[in-house]
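Encoded as structure tokens, the structure appears first; notes follow it.
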Protein chains: 2
Amino acid sequence: MEGKEISRAVVKRLPRYYRYLGDLLERGVERISSNDLSEKMRVTASQIRQDLNNFGGFGQQGYGYNVEFLYNEIGRILGLDKTYHMIIVGGGNLGQALTNYVKFEKRGFKIIGIFDVNPELVGKNVRGIEIRVADEIPRFLRENDIQIAALTLPKSQAEEMAVLLVENGVKAIWNFAHLDLRLPEDVIVENVHLSESLMQLSYNISRRQETGR
Amino acid sequence: MEGKEISRAVVKRLPRYYRYLGDLLERGVERISSNDLSEKMRVTASQIRQDLNNFGGFGQQGYGYNVEFLYNEIGRILGLDKTYHMIIVGGGNLGQALTNYVKFEKRGFKIIGIFDVNPELVGKNVRGIEIRVADEIPRFLRENDIQIAALTLPKSQAEEMAVLLVENGVKAIWNFAHLDLRLPEDVIVENVHLSESLMQLSYNISRRQETGR
DNA sequence: TAGATTGTTAATCGATTAACAATC
DNA sequence: TAGATTGTTAATCGATTAACAATC
């Protein structure tokens, strides 16, 4: 059924389209042209049409795009029509922050387990979920259908844990540790490297100072 | 002194070079060729040389690159040779997680204030810093030299707060709220959109299922 | 029907890779 | 000096933008 490969650049832009369409939908806007959307989002209308047409013709000549329809279609493309069971591996501040972030749950990402190696954290209750000891992970994975594991452990523990997760069947890792995980090809890894983001910021600050604005 | 514009793609790669060079340095490696580094990082040697040469010739023909020297140079380019004073605006879980992340401080990003509008959080101590009421921000900014504000507020409060921060002199915002801040051109904004990252992950999961691996 | 706007092809632009002369 | 490897130019590739025929 599928065929052509979608470029990473396009996929990165989809959630942003989704967000803008969601806003429009909330504000009761029924239809929008690529041109109007392009002004709001500050991208070219051409890019919007190209991006969307990777997935099919969602618009209508002379009319534009139906906001609700397009919103749902992009949601479907992004896989947001499904529910995902997620575990958080690393119950520190970041892991707890992710757990507490209610919006994920609304989008279908359900956190059903939190694990840590640190005995001090084990037993702590985070939004109704008790932090368990990491040793229980294999059994937990056997007994539950988990699609995503978020890795919020320090760098030193992350690689080993990632291997354990994969050995026990995890196929998608949301990696917050500051290293590149080397895992089998069929495992999907999405990285969030906060420190790299911060460095990009400081690069821009320094550069601005050098060039005098 | 400066001149040519560095592309965003190059800047995004610099922190990763920095990380790999830091690892090599730690392991006592003295020099490395673009070819060896390319194998480790899984990018082309050509790209490494091109990227680095945007900033000057850091290598030596027949020798390669001195790891320590290159590490320091990239650090300098990224602005990591300076100290930044940062405030966290939004004292919820994510704000606290950032505050507790000691590694930032080691890299020169010093958090010297946390603020929230929620009175329940005000007064709470996070790694030695007391959360203050957001009303105090203008005065705090007058009395302290702040280079970076991290915005970890809900979407609904983020825009207004960003405007306040900018009015009070903040020139760089690390934005964790799920919206695009519309601010004057001279304000640097670096976005971390966690939900968009998660959607890219779910896109890849869905896609894999459709195409049957 | 006329006007609007898409879907799509073609043109342009920028980024990546390859090649190689310069040089340590 | 010979070998290695950079710095840099040229070639290729991919992504973005422009243009316009198709069509609602």
Side-chain angles (χ1 to χ4, degrees), chain A residues 2-17 20-21 24 29-74 77 196 200 203 207, chain B residues 2-17 20-21 24 29-74 77 196 200 203 207:
Chain A
E2 286 291 323
K4 99 196 104 168
E5 195 58 44
I6 309 296
S7 86
R8 230 174 125 57
V10 173
V11 175
K12 267 186 90 162
R13 285 193 290 268
L14 290 179
R16 188 154 177 265
Y17 292 134
Y20 273 82
L21 288 163
L24 288 168
V29 178
E30 215 170 76
R31 68 194 184 93
I32 193 152
S33 68
S34 58
N35 213 48
D36 288 354
L37 188 57
S38 86
E39 275 176 33
K40 278 189 203 304
M41 296 187 63
R42 314 216 174 156
V43 297
T44 64
S46 205
Q47 182 165 73
I48 293 174
R49 296 203 297 277
Q50 285 278 23
D51 282 352
L52 297 179
N53 275 86
N54 279 303
F55 303 98
F58 300 127
Q60 202 171 53
Q61 282 98 332
Y63 171 89
Y65 299 88
N66 178 285
V67 172
E68 186 172 6
F69 175 73
L70 187 56
Y71 176 78
N72 288 328
E73 283 299 304
I74 294 179
I77 291 164
E196 299 194 358
Q200 285 174 63
Y203 169 85
R207 188 173 155 64
Chain B
E2 287 291 322
K4 98 197 104 172
E5 196 58 42
I6 308 296
S7 87
R8 231 174 123 57
V10 173
V11 175
K12 268 187 90 163
R13 285 194 290 268
L14 289 180
R16 189 155 177 265
Y17 291 135
Y20 273 82
L21 287 163
L24 288 169
V29 178
E30 215 170 80
R31 67 193 184 96
I32 193 152
S33 68
S34 58
N35 212 48
D36 288 354
L37 188 57
S38 88
E39 274 175 36
K40 279 188 202 304
M41 296 187 62
R42 313 219 175 154
V43 297
T44 63
S46 207
Q47 182 165 72
I48 294 174
R49 295 203 298 276
Q50 285 278 23
D51 282 352
L52 297 179
N53 275 89
N54 280 302
F55 303 97
F58 299 127
Q60 201 170 53
Q61 282 97 328
Y63 171 88
Y65 299 89
N66 178 285
V67 172
E68 185 172 6
F69 174 73
L70 187 56
Y71 176 78
N72 288 328
E73 283 298 303
I74 294 180
I77 291 164
E196 300 194 358
Q200 286 175 62
Y203 169 84
R207 188 173 155 66

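Both backbone and side-chain heavy atoms feed into the values below; hydrogens, waters and symmetry mates do not. Sequence lines set the chain letters: A, B, ... in the order given, protein chains first and strands last, and positions in each chain run from 1. Everything quoted here is computed from the prediction, not taken from an experiment.
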Rounded distance in Å - CG (B:Leu37) to C1' (D:dT6): 14 Å
Any side-chain heavy atom of A:Leu21 within less than 4.5 Å of one from A:Tyr65? no
According to the Watson-Crick and G-U wobble definitions, with both distances under 3.5 Å, which nucleotide is paired to C:dG7? D:dC20
D:dG14 - base-pair partner by Watson-Crick or wobble geometry, distances under 3.5 Å: C:dC13
B:Tyr63 or A:Ala9, whichever maps to the more 5' nucleotide of DNA chain D: B:Tyr63
Checking A:Val67, A:Asn72, A:Ile74 against A:Leu70 for side-chain contact (heavy atoms from CB on, under 4.5 Å), the one that qualifies is A:Ile74
For a quick test of reading the model: is some side-chain N or O of B:Gln47 closer than 4.0 Å to OP1 or OP2 of C:dT16? yes
Under 3.5 Å: donor-acceptor pair, side chain of A:Arg16, backbone of A:Met41: yes
Any side-chain heavy-atom pair of B:Leu24 and B:Leu37 under 4.5 Å: yes
Would you please confirm or rule out a distance under 4.0 Å between OP1 or OP2 of C:dT6 and any side-chain N or O of A:Ser34? yes
Within this structure, what is the CD1-to-P distance between B:Ile48 and D:dT8, rounded to whole angstrom? 17 Å
Rounded to the nearest angstrom, tell me the gap between atom CG in A:Asn53 and atom P in C:dT5. 16 Å
Taking any heavy-atom pair under 4.0 Å as a contact, classify B:Ser46: base, sugar-phosphate, or nothing. base
Please determine whether a side-chain nitrogen or oxygen atom of B:Gln60 lies at a distance below 4.0 Å from atom OP1 or OP2 of C:dC24. no
Could you tell me whether B:Arg31 contacts a base, only the sugar-phosphate backbone, or nothing, with contacts defined as non-hydrogen atoms closer than 4.0 Å? nothing
May I ask you to verify if any side-chain N or O of A:Tyr65 is less than 4.0 angstrom from the OP1 or OP2 atom of C:dG7? yes
Heavy atoms from C-beta onward define the side chain here; which of D:dA18, D:dG7, C:dA18 lies closest to that of A:Gln50? D:dA18
Report the distance from atom CZ of B:Arg13 to atom C1' of C:dT17, rounded to the nearest whole Å. 12 Å
If we ignore hydrogens and angles and just use 3.5 Å, is the side chain of A:Asp51 paired with the main-chain N or O of A:Ile48 as donor and acceptor? no
Between CD1 of A:Ile6 and P of D:dA15 the distance, given in whole Å, is 11 Å
Specify the separation, in whole Å, of atom NZ of B:Lys12 and atom P of C:dA15. 13 Å
Would you kindly give the CG-to-C1' distance between A:Asp51 and D:dG14, to the nearest whole Å? 14 Å
B:Asn66 CG to C:dC24 C1', in whole Å, measures 15 Å
Any A:Arg49 side-chain nitrogen or oxygen under 4.0 Å from OP1 or OP2 of C:dG7: no
Of the candidate nucleotides D:dT6, D:dT17, C:dT17, which contains the atom at the shortest distance from the side chain of B:Thr44? C:dT17
